[in-house]
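Single-structure report; data block below.
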Amino acid sequence: MTYEEFYKDAYGKMKAAEMQVLETIAQYSGRDEQQRGQRSIEYCRSRIKSPESMEAKLKKRGLPVTLKAALTEVHDAVGVRVICPFFDDIYRTAEWIKGREDFEILEIKDYIAYPKDSGYRSYHIIFRILEGPGKGVTVELQIRTIALDFWASLEHQLKYKKEVDHDELICRALKQCADEIASVDLSMQTIRDLISGSVAV
Ligand code: 0O2
């Protein structure tokens, strides 16, 4: 099934919402880099959830596979991922999003402060667009560092929502990698703070 077949008339608006969020973030990123002399955002990725993935999510939650359920019960039909260099860039970017008047915040999931059992770390903001071409569309924004994204991308390919042989062993090994990566991220943040002079040696 194609995206247009599944999302029907809503698809155009969803694409407009995706573009609107990407453009808003690009503007913020450019201004932020000019003001601070360093960037808070490395790059963004975005996607509309595939019909297959949406169908699987609805079924898993015991919901009907309908457009209405896809757009009202699931919040990540439109997803944007923001990749930051350092931990503190995640929270700076999140605060900026939360302060915007054109986005109504619906839910925050701080999997950085409270990692998932898998080891997954990321900061999620679910918001509704109140103005502009994407007005009315709900978007899930995932904000994480380059290092956390490295883990999440590979874990998504290897294991996320899959049963594999030696499941327990594999989960434990992936969780250990996640913890080590988070620790390296913290060290990189400390090194940056030392170099910038914001903490004393
Ligand atoms: P995809 O394929 O990335 O779109 P749930 O119903 O619990 O599965 P929910 O309620 O949407 O998911 O919330 P949650 O747990 O915050 O997950 C939202 C998204 O975060 C997921 O979307 C993934 O993109 C990502 N995510 C959450 N947990 C993990 C994890 O353990 N590993 C990785 N790699 N990503 C994770 P989808 O729709 O599940 O998947």
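Just so it is clear, the model here is predicted, and its values are computed rather than measured. For ligands, and for the atoms within them, numbers begin at 1 and follow the listed sequence.
Within a 6.0 Å sphere centred on OH of Tyr43, heavy atoms belonging to other residues, nucleotides or ligands number more than 12. Counting non-hydrogen atoms of other residues, nucleotides and ligands closer than 6.0 Å to NZ of Lys98 gives a total above 12.
Residue-level contacts of ligand 1 at the 4.0 Å heavy-atom threshold are Arg47, Lys49, Lys57, Lys60, Arg61, Asp76, Lys109, Tyr111, Lys116, Ser118, Tyr120, His124, Glu140, Gln142, Ala152, Glu155, His156, Tyr160, Lys161.
With hydrogens and angles ignored, the 3.5 Å screen pairs no side-chain donor or acceptor of Ser153 with any backbone N or O of Phe150.
The shortest side-chain heavy-atom distance between Ser50 and Tyr3 falls under the 4.5 Å cut-off.
Ion pair Arg92/Glu95 not flagged as a salt bridge, since none of the NZ, NE, NH1 or NH2 atoms sits closer than 4.0 Å to an Asp/Glu carboxylate oxygen.
Under the rule for a side chain to side chain contact (heavy atoms under 4.5 Å, CB included), the partners of Thr2 that lie at least two apart in sequence or sit in another chain are Glu4, Glu5.
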